[in-house]
Amino acid sequence: MNYYNPTKIECKWQKIWSEKQSHKSEINSKKKKFYVLEMFPYPSGNIHMGHLRNYTIGDVVSRFYKLLDFNVLHPMGWDSFGMPAENAAIENKISPKKWTEENIKHMRSQLKKIGLSIDWNREISTCNKNYYKHQQQIFIDFYEKGLVYKKDSFVNWDPEDKTVLANEQVIDGKGWRSGATVEKKKLSQWFLNISKYSNELLKDLGELNNWPDKVKLMQSNWIGLSKGAEIKFKLLNSKSTINVFTTKPETLFGASFIALSVEHDLAKNFTKDREFQIFRDKCLKLQEKKDFVNEKLGFDTKMHVQHPLLTGKKLPVFFSNYVLINYGNGAVFGCPAHDERDFAFAKKYNLNIDCIIKNKEKELPYYNFKENDTLVNSSFLNGSNIGAAKNLIIKKITDEKLGSESSKFKLKDWGVSRQRYWGCPIPIIYREDGKILSVDKNQLPVELPEDPDFSISGNPLDSHKKWKFTKCRATGLNAIRETDTLDTFFDSSWYYLRFCSPNYEKEPFNEKEVSYWMPVDHYIGGIEHAILHLLYSRFFSRALKECGYKVPKEPFSKLITQGMVCHETFKTKDNKWIEPSKVFEKNNKFLIKSGNKTVEVIKGRSEKMSKSKKNVVDPDLIISKFGADTARLFMISDSPPERDLEWSIDGIRATHKYLEKIFSFLSNKLIFTENFKDLDKLSSEEREIYNFTNRTIDKYTLDIKNYRFNSAVAKLRELSNKLLKSKMEPTIFHFSWSIYLRLIYIIIPHYAQELASLSGFKGLLDELKWPRTNMDYVEEEIVKIVVQFNGKKKSIIETSKDIDKDELIKRIKKNLIKDDINKLIVKKVIYVPNKIINFVI
RNA sequence: GCGAGCGUGCUGAAAUUGGUAAACAGACAGGACUUAAAAUCCUGCGGGUGGUAACACCCUUGUGGGUUCAAGUCCCACCGCUCGCACCA
């Protein structure tokens, strides 16, 4: 008898796969390629359950498509620049490089223990100069194409991480990583011109048929197209005009004022005005706040504009906090009767409120008006409905050159400068004569200095004189380096391309390899990247294309967004989180031991595993106790991938027991068999098992293809339950169990391989083709048909397959004595072959 | 406020195109084995009514309505939860 010893067998097979280079991938023009990629990890030091889940899902897919005879690429790397390394450096006096490298080493060994089918020859790390050298080249390419530029602007400043953040990286007014409230700060920054592609990025979402609708919708909302018009308002006693963007040009005749953002160009005329300065600062402060502030502030400029269509009508011009610079033109015309915010403002400052849309309630503001509402008090628009009026007014202002139809996007350019040390240096120098120059490509990489001084506050690159001061090679003039580094989302925007040719020296990637492997066929990761990383990557592939690289427009054909790993939470009565492992249950109460007392704790809801809530479970411990295969099988069988997974130690134990049971049952009984020949010799019961096995192959395959892993596992368990119970001839026994092992192999590869080997199979399961369904032996020969009266189940009748309707009715009439069908008047009979027969009475 | 998704046993969940609701698991309970426990095996496990019983009948997919021979699935309204966006002109 062999006992199941996961540690031993997992170690053994991992070594063999590694020695045989089982997961190595190379171009093979004779085979169809399949690129499966999971979002690469940040090397924080330890893998967590989310990683285990993500990479197990990817591994099942990777192994499956390999057996389907695809040429599979399944690489792994490290998103290794970023803040935590720098914080660790400050706290523990260890260099970010060393800290990162040690973490990678540790996490690599943790990942290897999971038994992933990764081609480790392709491993990349973004903090490696062999990677960021090419990234700097890409930056320069972008720079030369005008896709990256520098400008002064108010930016999101994270006071804790002491760096700026892109708009996408501010969540509810807080930094995405630090959680600190973000402030506005004026800085000179590098920007990527992502907004140039707004239209394309939006439109092309329609081509992403294998992306979740939810993600597409989120991107679409983020890009945020609004259609409307731009209208020019002439400033009185001035040559200037104010350009206003509106989505409701038809309400123009209801305009009673103009409101401008405090960052609008006209604000420059007031910079010396003390009162305005105070007002501006107050507005900026309010706009930083997370919570919505309904307070509307106004600063009267004492200036007026001419209403474009009503001679003699003058509108006052205000600055206000409710107009934002980063949308439209930072200027609106106020139509108080039909806009909530304009109404509040007009009320406060006693401005005209002119109703121009007929409405039943007669109450103002009337702002959620409909397409067929009618306009009044609006000159030539009177009597028109909203839809028609929109067209009429746009035509009018266009004809009279007062404005034009226009669209705006919410998406803003992506600020990529970070005032941090541990990132990719921006390859730019500022020469003493004022010229800004990119570094020569043959001078790349601009390497990070290895001796940063973290004792001085601020960016260590800025205080590193030796590194910062340089000379222009062409002219010999003095120059200083750009001391900002790139946002790490820049690093992850093209790593999937680098995986195609990870050691290619000359260029960021080899065109031939990229054209073979790209796009990524299945990309698997968390939904939290729906906007940031996925939008940036889509932009990058387009921008690279514009720079002449031959890359596909869309980098990821199919996207799978996996749910979080959750676990129960507990709190004490004074709101302190308690580890679930310390809690025990007694008389429906949850208790913990505290000293020699027991204290009651409160069970909260299940939440995403996080250190702060003390509900994390270390996958490493689970793997060393139960084995990777148990962990893998549990991760796969509990919930469908896109849904949250509820961690359960009982689930792990039960999964482990199941594997032990099958292992000891099979280990000295099974003879591994690839094919089954003696079909004719089967008894009807064995024939049933043969067909059942075939059906399992069929359904399991379909479930795996559709990412219904939990239901796939259920089908395997049905098969094993049946095989454990049935008595049968050895031939069919060996065949069915061998199929079972081959199917489950993609989920628990060490286990299946070990059992196959113990059963006399000499090769690697990896080298077999995926089992094929014998379609001639799939169907059940006896079917159960539900008999209904008026759609209500009355009984179930067993018949041979494809029974004739009249024959069936005859049998029902004979057998169903109780509901004497012969006495009832049957109006209609509905028969769905092999499923249901319904008598309408 | 706007947009989207989801509500099925004690729990995780399953249910091609509308066609036996609860597959497969977990927890729990009872039994067998054992001096005992663990492990293992067997059985039960949505609710109700009637019956000593095998069994029979009725109800049940958040709530109320509708379409249909037939609804977890389609339509309408409401309630609840989750997520995304949010002074977006």
Side-chain angles (χ1 to χ4, degrees), chain A residues 171-173 212-222 224-226 228 244-249 251 259 261 286-287 290 292-296 320-324 326-335 339-342 344-345 367-368 408-410 527-528 530-531 566 568 605-606 634 637-640 642-655 657-658 660-661 664 699 702-703 706 708 710-721 784-796 818 826-841:
Chain A
I171 294 145
D172 287 339
D213 288 339
K214 187 188 165 77
V215 174
K216 286 191 274 185
L217 189 75
M218 279 166 76
Q219 288 211 358
S220 155
N221 288 340
W222 189 263
L225 169 65
S226 13
V244 170
F245 175 72
T246 176
T247 52
K248 295 168 197 137
T251 63
S261 155
L286 281 175
Q287 287 171 0
K290 173 194 180 251
F292 174 76
V293 184
N294 199 24
E295 196 184 357
K296 305 272 182 288
S320 177
N321 64 322
Y322 84 91
V323 184
L324 309 174
N326 50 19
Y327 193 77
N329 299 338
V332 302
F333 73 74
C335 177
D339 182 285
E340 239 185 331
R341 297 150 304 172
D342 297 342
F345 190 85
Y367 53 89
N368 41 10
K408 295 281 176 196
F409 291 95
K410 206 182 86 177
I527 184 101
E528 66 273 21
I531 295 172
C566 297
E568 56 192 349
R605 58 174 206 190
S606 178
F634 173 74
S637 56
D638 198 59
S639 291
E642 66 279 6
R643 223 181 284 184
D644 286 351
L645 177 123
E646 183 61 32
W647 172 260
S648 140
I649 190 66
D650 286 324
I652 284 282
R653 289 202 187 101
T655 305
K657 276 184 200 169
Y658 171 75
E660 275 179 331
K661 181 170 85 175
S664 51
K699 288 179 180 169
L702 195 66
D703 275 346
N706 292 319
R708 291 191 298 246
N710 56 332
S711 126
V713 172
K715 271 144 208 164
L716 279 185
R717 290 186 88 128
E718 276 183 81
L719 178 64
S720 67
N721 288 349
K784 287 173 181 170
I785 294 177
V786 176
V787 182
Q788 295 182 333
F789 285 4
N790 284 343
K792 290 206 169 186
K793 185 173 82 176
K794 283 289 161 193
S795 85
I796 292 169
K818 218 172 295 140
V826 176
K827 288 187 207 153
K828 199 169 157 192
V829 181
I830 287 143
Y831 177 48
V832 183
N834 302 323
K835 269 189 180 158
I836 212 156
I837 184 155
N838 188 15
F839 295 91
V840 185
I841 298 155

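Numbered from 1 within each chain, the chains take letters A, B, ... in sequence-line order.
B/rU20 and B/rU34: their C1' atoms are spaced 43 Å apart (whole Å). For B/rA53 and B/rC69, the P atoms lie 41 Å apart once the distance is rounded to whole Å. For B/rU8 and B/rA89, the C1' atoms lie 45 Å apart once the distance is rounded to whole Å. B/rC24 and B/rG19 have their C1' atoms separated by 22 Å, with the value rounded to a whole Å. One P atom belongs to B/rG18, the other to B/rA54, and the distance between them is 39 Å to the nearest Å.
Distance from the side chain of A/Asn721 is smallest to B/rA25 among B/rA25, B/rU20, B/rC87. The A/Glu646 side chain lies nearest to B/rG12 when the options are B/rG26, B/rG12, B/rU40. Nearest to the side-chain atoms of A/Tyr327 among the listed nucleotides B/rA89, B/rC58, B/rC87 stands B/rA89.
Side-chain N or O atoms of A/Asn321 include one that pairs as donor or acceptor with a backbone N or O of A/Glu295 at under 3.5 Å.
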Protein N or O to nucleotides 42-47 of chain B N or O, pairs below 3.5 Å:
none

Please write out the pairs of protein N or O atoms and N or O atoms of nucleotides 79-85 of chain B separated by less than 3.5 Å, giving the distance to one decimal.
from   : atom 1 : to       : atom 2 : distance (Å)
B/rU82 : OP1    : A/Arg605 : NH1    : 2.8
B/rC83 : O2'    : A/Lys214 : NZ     : 3.3

Provide a list of protein-nucleic acid N or O atom pairs under 3.5 angstrom, restricted to nucleotides 67-73 of chain B.
from   : atom 1 : to       : atom 2 : distance (Å)
B/rC69 : O2'    : A/Asn838 : ND2    : 3.1
B/rC69 : O2     : A/Asn838 : ND2    : 2.4

Could you run down the sub-3.5 Å N/O contacts of the protein with nucleotides 14-16 of chain B?
from   : atom 1 : to       : atom 2 : distance (Å)
B/rA14 : OP1    : A/Asn710 : ND2    : 3.2
B/rA14 : OP2    : A/Arg643 : NH2    : 2.9

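Not counting sequence neighbours, the partners of A/Phe345 by the ring-ring contact (aromatic ring centres under 6.0 Å, His included) test are A/Phe257, A/Phe318, A/Tyr322, A/Tyr349. Partners of A/Asp339 by side chain to side chain donor-acceptor pair (under 3.5 Å), not counting sequence neighbours, listed by chain and number: A/Arg341. Residues satisfying the side chain to side chain donor-acceptor pair (under 3.5 Å) test with A/Glu340, not counting sequence neighbours, are A/Tyr367. Listed by chain and number, the residues in a side chain to side chain contact (heavy atoms under 4.5 Å, CB included) with A/Asn329 are A/Glu230, A/Asn243, A/Phe245, A/Lys408 (sequence neighbours excluded). Under the side chain to side chain contact (heavy atoms under 4.5 Å, CB included) criterion, A/Ala331 pairs with A/Ile242, A/Val244, A/Leu260, A/His264, sequence neighbours left out. Shown here are the side chain to side chain contact (heavy atoms under 4.5 Å, CB included) partners of A/Val832, two or more places apart in sequence or in another chain: A/Lys835, A/Ile836. Every side chain to side chain contact (heavy atoms under 4.5 Å, CB included) that A/Arg653 has, sequence neighbours left out, goes to A/Phe626, A/Ile649, A/Asp650.
The only option from A/Val787, A/Asn790, A/Ile830 that meets the side-chain contact (heavy atoms from CB on, under 4.5 Å) definition with A/Phe839 turns out to be A/Val787.
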Per-nucleotide pairing state of RNA chain B [Watson-Crick or G-U, under 3.5 Å; [ ] pseudoknot-crossing; | other strand]: (((((((..(((......[....))).(((((.......))))).(((((....)))))..(((((..]....))))))))))))....
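Considering only side-chain N and O atoms, A/Lys661 lies nowhere under 4.0 angstrom from the phosphate OP1 or OP2 of B/rU40.
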